[in-house]
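Keep in mind that what you see is a predicted model, and the values were worked out from it rather than measured.
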Amino acid sequence: MITVQNQYGAFHPWAGFRNTPGFRYELGNWVPVVINSWGWRGPEPKIERSKSVRRAILLGDSVGFSCWGCREEASLGGELKRALELRTDEEWEVINTSVGAGFSSVSLGTLAHDAMQFRPDVVTSLNGINDMLVLDDRTILRFGEGLFKHSLYYKTQVDMAKAFDPRTGKIQQQGVLQQLAAGSALVRLASPLLGAPQALHPFQGETGRPTSEGYSTAKLERLDTYVSNQLAMSYLAEGAGAKFVGFLQPYFSLQHKIVGEVDKEVIKRTEPSLLKWMDDVYPVVRSKLQAAADRNPSYHYVDLSLMFTREQVFEDLAHMKYETLELSTGGEMMAGRMADEIVRVLYAGKVLPDWRQSHISGTPHNWKEAAYLSANPDVSALISERKFKNGFEHYRAVGFLQFRHSGFPSWNEKAYLEGNPDVAALIRSGAFASGYEHYVKQGRAEGRRKGMPMQWIEETYLAANPDVAAAVKAGKYGSGEEHYMKVGALENRRGGFSGWDEEGYIIPYGDVRNAIISKMFRSGIEHYLAAGAVEKRNISLGLPSVH
């Protein structure tokens with residue numbers, strides 16, 4: 001039976017190991033994580049891309065894959081997407097190719113064979129601790145024990161090298177003498193007299209007891225493979241016109257971290273020699289990566305290893321603590337730091353709006369306070385009277401149920417037609433009923449409208465426009481959005497772009513989830529409009545609005 005513990009132990013020809021395509025991480029009656037057909041976390045990515053959407057590839061191990069029990073938006077990929085959109089005011093797609101217990105060689109194979117097909121704007125890698133374990137003879141190199149009992153990655157690579165040359169595609173068929181030499185010391189001694197010796201893989205050697213009794217700092221040249229993989233990924237990205245940023249993972253440092261009560265419990269569950277070893281090895285890796293970045297302009301290197309010195313955010317050595325299914329403080333902080341560097345590299349020389357001045361802390365990343373206040377002048381007076389702190393608080397408490405034009409990305413028919421006079425001509429010719437119809441069917445792919453994606457909410461549109469609901473019920477329109485395309489956009493109808501967060505409402509309320517499963521309601525928003533508002537249930541309008 002495929003489970004969370006073993007589903008990513010299946011062999012993959014060039015990535016070593018990968019998640020099982022189609023696997024569903026189940027959480028009670030809810031399914032927050034689905035592995036797509038590529039064996040990656042998140043929605044199914046399409047190789048074709050819209051010109052208005054930026055694209056990032058996230059490579060890494062379980063830190064990049066992040067939590068198993070959280071919704072997609074709270075994973076590192078979701079957090080990075082929001083952080084990038086907040087900083088750039090553009091729509092982003094983050095394709096998370098990370099796999100548990102992965103290595104930089106897994107990332108390199110994935111990028112070379114698969115991920116570059118998606119023509120990313122930027123490629124990021126988040127590796128570190130797993131690659132450093134090549135120094136420890138007790139773990140992955142020989143026995144597949146220690147931290148990752150399910151992973152025999154390096155042994156698999158040795159076996160693969162015996163049978164298949166990835167550079168030429170040729171199958172290596174060992175001769176009889178070579179097969180004998182692999183298992184006989186006597187034949188190995190005699191083999192030079194009988195034919196050319198077969199080169200050993202760098203990690204092959206005499207079997208037997210480990211050479212070290214604990215975590216070792218010997219044979220530091222083994223770390224050079226990690227550095228080489230980072231450089232190879234940067235060459236691939238740069239050669240295809242993308243940028244590459246390699247992030248060295250944070251770790252739990254005893255030497256540099258202020259230890260609180262939470263981390264003291266972590267220490268009790270962790271082998272002390274491992275903690276000391278990381279403080280010894282990380283400076284070596286750090287210096288090797290920095291030297292490589294200094295010599296190679298394609299490799300942008302960022303050290304996150306000591307990012308957390310005071311924050312008590314670690315549940316174990318690598319994974320950030322998830323306070324709820326919707327929130328990871330450590331993940332948000334790390335995603336923000338990663339986004340800062342991506343923006344610095346990708347938008348070099350360009351002036352972007354200062355999001356720190358315009359964004360209100362505690363509101364979703366795509367909330368536009370100024371747009372809401374402009375569309376609803378009366379709210380400013382209420383804020384002045386201190387009845388509400390800001391427009392977002394008003395919208396959550398009052399404006400949502402009044403179907404006000406929200407501060408979430410909404411449609412502006414007039415602005416679209418003024419900016420695209422050719423579309424106005426198409427409407428006059430009858431090719432499209434409205435600018436919105438053109439945008440949905442063609443304009444978005446052409447990059448006609450940049451910025452945050454508009455999230456259409458069918459139920460709030462029908463609730464705000466009872467005449468449309470009646471027309472849909474009578475069969476005059478197939479849906480509320482069809483009405484909006486043909487009529488509503490031109491009439492400036494409200495309610496279609498409300499910022500409603502379906503998962504954020506369903507996950508905290510198990511009874512609502514069960515009611516949907518039993519088909520009493522079709523969705524969380526239908527439940528809220530019919531019963532939840534009267535019951536004074538909390539609504540969710542996107543992270544970080546948690547319950």
When you compare the side chain of [Y] with that of [X], does any pair of heavy atoms fall below 4.5 Å?
X: Glu79; Y: Glu73; answer: no
X: Tyr416; Y: Trp411; answer: yes
X: Trp367; Y: Leu541; answer: no
X: Tyr439; Y: Met454; answer: yes
X: Arg82; Y: Asn366; answer: no
X: Gln442; Y: Val423; answer: no
X: Arg493; Y: His483; answer: yes
X: Met452; Y: Asp89; answer: yes

Once ring pair (Phe, Tyr, Trp, His ring centres under 6.0 Å) is applied, do any residues pair with [X], and if so which ones, sequence neighbours excluded?
X: Tyr301; answer: none
X: Phe247; answer: none
X: Trp500; answer: Phe400, Tyr505, Tyr528

| request: Supply the atom-to-atom distance Arg444 CZ to Lys51 NZ, rounded to the nearest 0.5 angstrom. | output: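 One finds 14.0 Å between CZ of Arg444 and NZ of Lys51.
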
Would you kindly say whether [X] and [Y] are connected by a side-chain donor-acceptor distance under 3.5 Å?
X: Gln290; Y: Asp303; answer: no
X: Asn127; Y: Ser104; answer: no
X: Tyr484; Y: Asn465; answer: no

| Only one of Val106, Asp61, Val63 clears side chain to side chain contact (heavy atoms under 4.5 Å, CB included) with Asn130; which? | Asp61

| Excluding sequence neighbours, so at least two apart, what forms side-chain contact (heavy atoms from CB on, under 4.5 Å) with His113? |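 Result, side-chain contact (heavy atoms from CB on, under 4.5 Å) vs His113: Trp14.
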
| Mind checking what makes side-chain contact (heavy atoms from CB on, under 4.5 Å) contact with Glu482, not counting sequence neighbours? |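 Once residues adjacent in sequence are excluded, the partners of Glu482 under the side-chain contact (heavy atoms from CB on, under 4.5 Å) criterion are Tyr477, Ser479, Lys486.
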
| task | Could you name each residue pair satisfying ring pair (Phe, Tyr, Trp, His ring centres under 6.0 Å) that touches residues 38-57, not counting sequence neighbours? | result |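 Pairs touching residues 38-57 that pass the test: Trp38-Trp40, Trp38-Phe118, Trp40-Phe118.
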
